[in-house]
> 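Quick one: this structure, given as structure tokens, is what I'll be asking you about.
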Amino acid sequence: MDDPFELSDTPSTPSARAAPGPAPVTAVRSPTYLDALNPTQRESVEATEGPVLILAGAGTGKTRVLTTRLAHILAQGKARPWQILAVTFTNKAAREMRERVAELAGAAVEGWWLGTFHAIGARILRVHAEAVGLKSGFTILDTDDQLRLIKQLLEARNVDPKRTPPRAALAIIQRWKDRGLTPDRISEAEGAEAMDGLALPLYHDYQARLATVNAADFGDLLLHGLTLFRSAPDVLARYQRQFRYILVDEYQDTNVAQYLWLRALAQGHHNICCVGDDDQSIYSWRGAEVGNILRFEHDFPGARVIRLEHNYRSSPHILAAASGLIAHNRSRLGKTLRTDRGAGDKVLVRGVWDGDDEARMVCQEAERLTGCGHRLSEMAILVRAGFQTRAFEERMITIGMPYRVIGGLRFYERQEIRDAIAYLRVVFQPGDDLAFERIVNMPKRGIGIASLRAIHTLARAESLPLTAAAERLIETDELKPAARRALARLLADLARWRDDVPRVPGPELTRRILDESGYTAMWQRDRSPEAPGRLENLKELVSALEDFDSIPGFLEHVSLVMENDENGMADKLTLMTLHAAKGLEFDTVFLPGWEEGLFPHQRALDEGGTSGLEEERRLAYVGLTRARQRAVISYAANRHVYGYWQNPMPSRFIGELPEDAVDTVVATGLAAGPAARRPQEASAEPLMEPETGNAVVTGGRSRRAARVIEGVPYRSIPRSAATGPFHPGQRVRHGTFGEGQVVAASGDVLEIAFDSVGTKRIVQSFVELVA
DNA sequence: TCCCTCCTTGTTTTT
DNA sequence: CAAGGAGGGA
């Protein structure tokens, strides 16, 4: 390698398949935890020395391999815990790994470096902050802060925010950071090109501003790490010596900065093991580089490549459908997933009239499955885009089907939570200008832009933090009396809260701050429908604080962890995007909206060309491989989108599914999807599903007569036999809405007056009698 | 300073 | 269609 911090060219040819390799050398009697593994999994665990790349297909037991490998290294005494570095992308993955290793090892492992790239980056940076121009107590910015900062900088340069949207500018800077590029390393040509040459100077401004406010954004946690390693070889050498074993999860999602960071650290012992699946790379738009998989063998000569190809999750039909689909991608390393499970259902492709019909169909099927003893918590609806959830939510609300939506705004991203945290930041970190700006007029206290500008001017002139400048300013008569009084009051409050810190426990102090600042009152006064929920969230925040020893400890936690931990135990159907579903699995997966323009998404096609299309296809692959037993794909002939009706074509992905693995059911009167077209032409009269009147078409091109799908699908099978018919007057209980009284019953739909949420119409299979 | 109305712009998202 | 931002008027 010529320059340890430069990227080599990506080798263009994927490696040949790994040879079986020599039999692993093992101890006389191998530990029992290895018995649970198949030969390749075991090989992956035992190949502890030297660089290893594990290509782990969907459902091949990746997490088991990873955790067993860690436990193995510890059990064999190859390293002490602090000599192990294990990086993941999400806190959830880190937590899961921690728990599962503890289970295998019989005790929690203390002192190892397990965490997200960002958490570990921050941990290292806290120690060496000075080396990159920060102080150890630096704040970590959230997206809101970043955007506000960019806006200010654009304003300072008199740039029209319409022609140069702050979001776009931030995105460019972030992509640079993803590539490990500090402002000084961006080529002249690229700098001149990005946003008419505006982005690069803006990037300079941005970094300078971050340094003055002693802050780092997420990208910096790695980028500064790289700078540190470059400028202080002795520091790097220390970490290289320390980390005897390095392990990386979801390797296909690493960006270049993360890759360089890893590669630098691995130069000590070369014991780096990366686990990933190029077919599940779905985050290139966020800077992830699948090329890192190809680079691995190039940069770590002699790297061992192990493929995990035995799938333990999905039925053969699902696996065949997924494999057949992904085979249409040109750029992939290639894996062949195998299973030895019994046949199972074919993947079902349903053509429906419109989005409402689709929601009805999906819910009806989910309901039918619950009637056969399947749990809602084992089903998921996976959508391409967030807005698609609405139709399903509406339907589930009307029939009273319990559900939960994953994603959307996470807890710590909500406005009220960010505001509350900003108050804490100002109290504990008086130099935190961004937090100060956020709360200075929230709730409205008459400190507008004019006053804020005055504070800014003074702060800049005297190079003071905003709080200090504000304190100076209220001594003068520069502000209008009203503003001056309001600001003085706020500063006095802040001072008092800071005084309280040693005496008052965190949760209590937080409650006091929210009340005395008028923040709670602001939402209590608010008449909008979301206000009560916001107050609820604030309470939740206060109780979350109880798990922390100190507020600063809590603040470090929230700046790195953005999750909402929900009570995941309840029996609810899960609704989320395909992206959010990666790493999860369900018995039944519904995949709606497989239409050209929506999936593959038009924008991915327009902006990404062939590689964009291939990433969409990988997303489809991820969706299908989430299913253990059943997958139902659907497309609508009419879709209401952005206010108008469109008549999309069924997704090309449907036509790419191997015919033998799918059954197709198309609503009467609709053109069949590509997979169904031919057999319909071949047979003179379309067969009808006896109960619904739907045309039934199976996948086989050569087959002349279509097979009616076993059983009678898509009719709800009420559970009245088990629960008995309901009568007005009875007390019933519902999973989401609690208890209530039956007002009326017609068919299997009940009208129920719930004690807490009012009257709703509920399908009877979702309620039970209260004894 | 605040509030209302008009206009634009619509993927995916962790840390 | 709906939400969020900008700009104008009170």
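Lettering of chains follows the sequences in order, A, B, ..., and the numbering in each one begins at 1.
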> Return the set of residues passing ring pair (Phe, Tyr, Trp, His ring centres under 6.0 Å) with A/His224 (not counting sequence neighbours), or none when no residue passes.
none
> Assign the ring pair A/Phe653 / A/Phe599 to parallel, tilted or perpendicular, where the plane angle (0 to 90°) is split at 30° and 60°.
perpendicular
> Check whether any side-chain nitrogen or oxygen of A/Thr577 sits under 4.0 Å from OP1 or OP2 of B/dT13, and answer yes or no.
yes
> Answer yes or no as to whether B/dT14 has its base stacked against A/Phe218, where stacking requires a ring-centre separation under 5.5 angstrom and planes under 30 degrees apart.
no
> For A/Asn292 and A/Asn255, which heavy atoms make the closest approach, and how far apart are they?
ND2-O, 3.4 Å
> Can you tell me how far P of B/dT1 sits from CD1 of A/Ile447, to the nearest Å?
9 Å
> A/Asn441 near the nucleic acid: base, sugar-phosphate alone, or nothing, with a heavy-atom cut-off under 4.0 Å?
sugar-phosphate
> Can you confirm if the aromatic rings of A/Tyr283 and A/Trp285 lie within a centre distance of less than 6.0 Å?
yes
> Measure CH2/A/Trp594 against C1'/B/dT11 and give the value in whole Å, please.
17 Å
> Taking A/His118 for its side chain and A/Leu221 for its backbone only, find out whether a donor-acceptor pair lies under 3.5 Å.
no
> Examine B/dT14: is either OP1 or OP2 under 4.0 Å from a nitrogen or oxygen in the side chain of A/Asn91? Give yes or no.
no
> So A/Leu66 and A/Met97, do their side chains get closer than 4.5 Å, heavy atoms only?
yes
> Using a cut-off of less than 4.0 Å, is there contact between a side-chain N or O of A/Arg603 and OP1 or OP2 of B/dG10?
yes
> Between A/Gln174 (CD) and B/dT14 (P), how many Å, whole number?
13 Å
> Output the rounded distance in Å from CZ (A/Phe387) to C1' (C/dA2).
13 Å
> So A/Glu250, base contact, sugar-phosphate only, or nothing? Heavy-atom distance under 4.0 Å.
nothing
> Below 3.5 Å between N/O atoms, which protein atoms pair up with nucleotides 7-10 of chain C? Just atom names and distances, please.
none

> What integer distance in Å separates A/Asp220:CG from B/dT14:P?
20 Å
> Is the side chain of A/Gln252 donor-acceptor paired with the backbone N or O of A/Ile293 at a distance under 3.5 Å, no angle test?
no
> Can you tell me how far P of B/dT15 sits from NE2 of A/His557, to the nearest Å?
11 Å
> Could you state the atom-to-atom distance from CZ of A/Arg95 to P of B/dT15 in whole Å?
10 Å
> So what does A/Ala450 touch, heavy atoms closer than 4.0 Å: a base, only the sugar-phosphate, or nothing?
sugar-phosphate
> Contact class for A/Gly219 (heavy atom, under 4.0 Å): base, sugar-phosphate, or nothing?
nothing
> Heavy atoms from C-beta onward define the side chain here; which of B/dT13, B/dT1, B/dT11 lies closest to that of A/Ser451?
B/dT1
> Between A/Glu607 and A/Lys444, which residue's closest nucleotide on DNA chain B lies nearer the 5′ terminus?
A/Lys444
> Would you please name every residue forming a salt bridge (charged side-chain N to carboxylate O under 4.0 Å, His left out) with A/Arg360, sequence neighbours left out?
A/Asp357
> Give a yes/no verdict on base stacking between B/dT11 and A/His601: centres under 5.5 Å, planes within less than 30° of parallel.
yes
> Just the rounded figure in Å: distance from P of B/dT14 to CD of A/Glu96.
17 Å
> From the set B/dT15, B/dT13, B/dT11, return the single nucleotide nearest to any side-chain atom of A/Thr116.
B/dT15
